[in-house]
Amino acid sequence: MKKFLILLSFTLIMFICEVGKYFFNYNFFYFALVLQIMGMLLAIWVFSSKKKYNKILSIFSFALCFILSLQNFVILTENKNETGHFEYVVHAGGGLDGKSYLNSQEGFTYYAQSGYKYIELDFLYTSDGEIVGSHYFEFLEGFNFDNPPSLEQFSSTLLHNTYHGITLPWLIQNLKIYEDITIIFDTKEDDCIKMLQTLSGLMQQNDIDLDRFIIQVYSKENYEQIKEDDNIKFTRFWYTNYKKHYTSPQVLEYFEDKSDIECYVLHYTDWWIFTQFDFNTSKPIAVHSIHDKGFSNFITSRNVDFVYIDHPLEQII
């Protein structure tokens, strides 16, 4: 019974590490592999027992540890990114002073001047129907997604009592200043069609190249709606999976043959899981959001082309 309990406990710990590598930290890959090797040795020791239930558990544990160790070994040793090239995407306008999701003028300027080329911005409507940069209006005191400010209130109220929010005139002006910046579009509005119509027309009126905007689409239906609307002139799209949570076969079935879907954007847990099922895509992959430089290096060596970050690169440790 003692050997049985030892092996059972060890197998449970190993399983926890397997779960941990998907939800907590990439270092669990290394912990899990070490435990799986030890588990196979322990299973061999337990198999020498004369008791039948020990032999059954040892065979099961050995097989499980062997299969999982092979999987982890392949993941840890493969290097699919032969060029070593990848880009950072500044998430939600970029964090400053430890604060994230700001979509602020100060953040945009800081990251643009620091050499980042891709800045994702969240767009929402004010109470009077104007488009501004915000996640949920959560950093404007007295306002939120269900109680949005007017444009005047948005423009005159500081985020966290410190930062300035992004209005479209300000964005247009700064896109002309920082000509190498590409905007990744995101919104929490249920219907983004009218918003994209407005943005498309406004950028054209102000001589902003529409190729400097990449529109994140959230479902097969959302993509089709946008493509069917002649008033939306944007031509570059990334499919992001955080709303629909399609399976990897569904993503490939819906979007792999769409030439204007340039990239798949996956939460890091989706990326872990998709890679386990041989996610054979010819498109680039972007992963969000990464807060650890080691993890960033780990995934970019495994065929990840874009990494969403919330804070300045020099603060990622």
Side-chain angles (χ1 to χ4, degrees), residues 21-29 71-92 94 111 116-122 181-187 211-220 222-223 226 234-311 313 316:
K21 73 186 186 185
Y22 295 110
F23 295 101
F24 298 106
N25 191 292
Y26 72 101
N27 285 315
F28 276 88
F29 270 100
Q71 179 190 65
N72 286 327
F73 180 77
V74 169
I75 291 173
L76 288 171
T77 56
E78 67 181 345
N79 189 332
K80 296 182 179 179
N81 190 345
E82 297 178 357
T83 66
H85 177 74
F86 67 94
E87 294 281 355
Y88 283 104
V89 176
V90 179
H91 187 214
Y111 287 93
Y116 293 87
K117 305 300 183 187
Y118 294 84
I119 299 179
E120 187 223 40
L121 291 176
D122 298 296
I181 292 295
T182 297
I183 299 297
I184 313 294
F185 169 90
D186 194 14
T187 184
D211 282 346
R212 295 180 63 190
F213 276 75
I214 296 174
I215 308 304
Q216 291 186 130
V217 297
Y218 310 105
S219 67
K220 177 185 177 183
N222 179 229
Y223 171 76
I226 293 172
F234 295 113
T235 59
R236 302 181 67 190
F237 304 98
W238 287 6
Y239 169 69
T240 180
N241 203 35
Y242 77 84
K243 289 187 178 182
K244 291 297 283 189
H245 298 290
Y246 289 142
T247 64
S248 55
Q250 286 175 322
V251 171
L252 295 177
E253 177 186 355
Y254 297 155
F255 300 112
E256 189 67 15
D257 64 343
K258 306 296 189 297
S259 60
D260 52 1
I261 296 287
E262 299 178 1
C263 179
Y264 298 131
V265 184
L266 306 172
H267 188 265
Y268 67 85
T269 54
D270 279 344
W271 176 75
W272 286 135
I273 296 169
F274 280 22
T275 56
Q276 305 305 300
F277 293 95
D278 201 16
F279 186 53
N280 291 320
T281 176
S282 61
K283 299 181 186 294
I285 294 175
V287 175
H288 68 90
S289 294
I290 306 305
H291 309 289
D292 179 274
K293 183 65 180 295
F295 190 19
S296 171
N297 293 338
F298 180 81
I299 67 173
T300 52
S301 68
R302 287 157 179 81
N303 215 24
V304 170
D305 305 274
F306 297 91
V307 175
Y308 282 58
I309 58 171
D310 287 323
H311 298 285
L313 181 59
I316 300 178

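Numbers here are sequence positions counted from 1.
One distance of note links OH of Tyr218 with OG1 of Thr240; it measures 7.5 Å at 0.5 Å rounding. Within the model, atoms CG of Asp305 and NZ of Lys283 stand 12.5 Å from one another, a figure rounded to the nearest 0.5 Å. The line from CG of Asp292 to CD1 of Ile309 is 12.5 Å long, rounded to the nearest 0.5 Å. Rounded to the nearest 0.5 Å, atoms OG1 (Thr235) and CD1 (Ile215) are 9.5 Å apart. Considering OG1 of Thr300 and CZ of Phe306, their distance stands at 12.5 Å, rounded to 0.5 Å. If you take CG on Asp122 and CD1 on Ile184, they are separated by 12.0 Å, rounding to the nearest 0.5 Å.
The two residues Asp310 and Ser289 come nearest to each other via the heavy atoms OD2-CB, 3.8 Å. For the residue pair Val217 and Asn222, the shortest heavy atom distance occurs at CA-OD1, 3.4 Å. Summarising the geometry of Ala286 relative to Tyr308, their closest heavy-atom pair is CB-CE1, 3.8 Å, with the distance given to 0.1 Å.
Using a 30° and 60° split on the angle between ring planes, Phe86 and Tyr88 fall in the perpendicular class, above 60°. Classification of the Tyr246-Phe255 ring pair by plane angle, with boundaries at 30° and 60°, yields tilted. In this structure, Phe234 and Phe213 have tilted ring planes: the angle between them lies in the 30° to 60° band.
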request  = Show your reasoning for whether side-chain hydrogen bond (donor to acceptor under 3.5 Å, both in side chains) applies to Gln216 and Tyr242.
outcome  = CA-CA 11 Å; Gln216 291 186 130; Tyr242 77 84; 5.6 Å; no

query = How far apart are the C-alpha atoms of Trp271 and Phe279, what are their side-chain angles, what is the distance that settles it, and do they pass the ring pair (Phe, Tyr, Trp, His ring centres under 6.0 Å) test?
reply = CA-CA 9 Å; Trp271 176 75; Phe279 186 53; over 10 Å; no

request  = Tell me, with the steps shown, if Tyr223 and Tyr254 meet ring pair (Phe, Tyr, Trp, His ring centres under 6.0 Å).
outcome  = CA-CA 10 Å; Tyr223 171 76; Tyr254 297 155; over 10 Å; no

ask   = Does the side-chain contact (heavy atoms from CB on, under 4.5 Å) test come out yes or no for Phe185 and Ile214, once each step is laid out?
value = CA-CA 6 Å; Phe185 169 90; Ile214 296 174; over 6 Å; no

task = Run the numbers on His288 and Val265 for side-chain contact (heavy atoms from CB on, under 4.5 Å), then give the verdict.
result = CA-CA 7 Å; His288 68 90; Val265 184; 3.6 Å; yes

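Residue pairs meeting the salt bridge (Lys or Arg N to Asp or Glu O under 4.0 Å) criterion with at least one member in residues 211-220, sequence neighbours excluded, do not occur. The salt bridge (Lys or Arg N to Asp or Glu O under 4.0 Å) analysis of residues 257-274, with sequence neighbours excluded, yields the pairs Lys227-Asp260, Arg236-Glu262.
Side-chain atoms of Phe274 and Thr281, non-hydrogen and from C-beta on, never get closer than 4.5 Å to each other. Proximity of Trp238 to Val89: side-chain heavy atoms (C-beta onward) are separated by under 4.5 Å at one or more points. Looking at heavy atoms from C-beta onward, Phe295 lies out of side-chain contact with Val307 at the 4.5 angstrom threshold.
Considering only residues two or more places apart in sequence or on other chains, Ser259 meets the side-chain hydrogen bond (donor to acceptor under 3.5 Å, both in side chains) condition with none of them.
Using modelled atom types, one finds no donor on one side chain facing an acceptor on the other under 3.5 Å when comparing Tyr239 with Glu256.
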